[in-house]
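Residue numbers begin at 1 in each chain, while the letters A, B, ... track the order of the sequences.
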Amino acid sequence: MTVYTERTKGHPFADFLGEHAQVLSIAFFFLVCIVFFSVMTTTFFSVGNVLNIVRQAAPILVVAIAMTLVILTGGIDLSVGSMVALINAIAAIVLALGVPWPLVIVAMLVLGGVIGLMQGWFVSYQGIPAFIVTLAGLSILRGFALYLTQGYSIPIRDVPGFFFIGRGELFGMPFPAILGILVAIAGFVVISVTKYGRQVVAVGSNLEAARRVGMPAKWIVASVYMVSGFACALAAILISARLGSGSSNAAVGFELQVIAAVVLGGTSLMGGRGTMIGTVLGTLTIAVIGNGLILMHISPFFTQIVTGAIILLAIWLNTRIFTTNFRFGGKKRN
Amino acid sequence: MIDDQQPLTAVGGTGDPSDPRSTGMAAATTPAVSLRGIRKTFGSHEALRGVDLDLYPGECLGLVGDNAAGKSTLSKIISGTHIPDEGTITLNGKTVRFSGPAEARRGSIEMVFQDLSLCDHIDVVGNLFLGRELTKGPFLDRKRMIEEARKMLDSLEIRIPRLTAKVEKLSGGQRQAIAIARAASFQPKVLIMDEPTSALAVAEVEAVLSLINRVKARGVAVVLITHRLQDLFRVCDRIAVMYEGTKVAERNIAETDLEDLVKLIVGEERH
Ligand SMILES: Nc1ncnc2c1ncn2[C@@H]1O[C@H](COP(=O)(O)OP(=O)(O)O)[C@@H](O)[C@H]1O
Ligand SMILES: [Mg+2]
């Protein structure tokens with residue numbers, strides 16, 4: 001009788017390391033960054049600065065959580081920066097017309113979801129590569145934002161309730177940070193213990209298999225772009241509430257930061273593999289590097305170079321080192 | 001060029017299985033599935049040119065033939081992936097017309113593909129319950145799925161120690177066993193396997209073959225497509241040979257041997 005056993009029964013600790021290699025490595029990198037900037041500057045490791053980092057990272061975090069879902073399905077959403085700019089501009093315009101701010105928030109969230117779903121429809125039901133659809137979206141949405149504002153920044157006045165979302169504090173925490181944390185927790189729960197999260201991973205891991213077992217594969221693929229649009233709307237509200245204005249030039253290069261955060265967090269661009277904890281750590285790392293370089297009085301332009309280099313490095317590690325057989329140290333399994 | 005040649009065994013017209021069955025395995029004499037005069041053309045290419053086939057409960061039918069003989073096409077017609085241009089499919093005595101794989105599954109027909117049925121990044125439990133997750137509201141009911149998965153695998157004597165291991169960490173044999181266990185857990189009447197062992201190591205093939213025997217013992221009509229002829233003698237009760245889109249022979253396993261099969265497959269006996 002032939003019996004099935006695991007190839008080798010590894011030590012549980014080795015299994016743990018193997019399965020969480022990517023999260024552990026980004027966590028390590030994050031700590032290295034913190035230690036580095038704490039040593040190099042006197043101001044980095046202060047309560048004020050940390051809160052500042054978290055506040056600034058919140059919009060990226062919110063969208064990066066949604067982007068993780070998109071990339072898990074094997075897709076990408078390049079339009080997030082333009083989407084944030086458009087909704088940011090529309091929110092300012094509508095608020096200037098005197099529409100009550102809670103209504104504006106709901107309307108913007110719905111708008112973001114609808115625009116995202118339109119892109120998702122092209123990707124999923126029409127089979128156009130996500131890269132192309134959202135690249136077109138990047139151009140179209142930014143174009144609409146420019147057209148609506150004619151390139152001017154539109155001020156938002158006298159809506160303290162709205163401003164609280166971007167500037168307020170609750171229990172000593174910036175409100176955007178609280179929102180970001182809540183979104184991250186929601187993302188974590190969705191991906192690890194819900195049926196929807198399982199479907200997202202399944203579709204990204206093996207679309208054909210997911211279809212064969214009767215999953216609504218097309219709808220699942222389309223839906224992640226809706227979630228992304230929704231998250232962009234939330235980020236747009238955070239940004240306009242903090243800056244007190246709406247501008248078509250908001251969130252330039254935002255998509256790059258978001259994708260860098262997700263990829264740095266170990267999510268595979270091929271789909272199927274990724275974690276929310278990785279994305280949170282990736283986002284914080286990007287934010288810390290940006291902040292730390294400024295505190296070190298290094299040219300802000302340098303941040304862009306570093307962000308780009310990090311993307312390249314992360315993808316390189318992702319494809320070359322963290323393959324299926326990767327293990328931390330130790331001998332090879334046979 | 002072979003159109004004018006007569007196939008060895010009479011396959012057209014009569015609709016009777018050419019040989020009296022002597023498997024002794026199942027008493028059932030009504031086929032679970034009957035195919036009559038199945039034709040399928042892709043463009044101008046005749047993939048199937050009138051095939052008759054019966055599948056009986058508790059019996060394993062080996063489907064062999066050279067590359068492009070039409071084995072996969074025939075199996076896809078049974079599993080609803082392709083719709084035949086002509087011919088009838090009878091399921092438990094009723095003529096059916098599948099509009100797609102979903103409908104075939106509802107008719108209790110399952111198919112295991114070589115390597116297309118698992119999600120690498122999902123654990124063993126998740127794959128066994130793929131597409132029919134047990135839930136509490138929107139949440140996965142992990143505890144219950146693990147219990148059920150354990151039962152599912154135990155009943156087929158498949159040993160996988162860690163059900164929460166990602167499938168990508170498993171060997172080819174274990175992966176194929178999971179795919180078969182999942183198909184079997186739908187309580188199918190017919191289970192079709194298209195080259196389930198072609199990518200496996202020797203020991204793994206053994207395990208999959210004994211797994212096929214256990215599935216068969218449950219009264220499932222199994223169709224096994226394989227190029228490994230020696231495997232057929234381990235699990236099959238009957239063998240159908242295909243040649244250029246027709247069924248040229250059907251043999252009870254006791255009445256044939258390797259040499260005979262090879263001749264039938266390459267078409268030598270016709271000279
Ligand atoms: N979807 C398809 N479109 C066009 N031709 C096909 C398709 N599927 C199979 N064929 C053709 O039908 C013939 C039989 O193929 P197949 O059933 O896959 O053979 P086998 O599985 O016995 O090797 C081959 O010549 C193949 O090229
Ligand atoms: Mg084939």
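Side-chain atoms of Tyr196(A) and Ser223(A) include a donor-acceptor pair closer than 3.5 Å.
Near-neighbour residues of residues 70-79 of chain B relative to chain A, defined by a heavy atom under 4.5 Å from a heavy atom of that chain, are none.
For the side-chain hydrogen bond (donor to acceptor under 3.5 Å, both in side chains) condition, the pairs that include at least one residue of residues 131-143 of chain B, sequence neighbours left out, are Asp123(B)-Arg142(B), Arg132(B)-Ser185(B), Asp141(B)-Arg144(B).
Neither the backbone nor the side chain of Val190(A) comes within less than 4.5 Å of any heavy atom of chain B.
Not counting sequence neighbours, Phe28(A) has no partner by the ring-ring contact (aromatic ring centres under 6.0 Å, His included) test. For Thr226(B), the side chain to side chain donor-acceptor pair (under 3.5 Å) test picks out no residue, with sequence neighbours left out.
Contact of the Leu264(A) side chain with the Leu313(A) side chain is not registered, since no non-hydrogen atoms from C-beta on lie closer than 4.5 Å.
Under 4.0 Å is where a charged nitrogen must lie from a carboxylate oxygen, and between Arg211(A) and Glu208(A) at least one such pair does.
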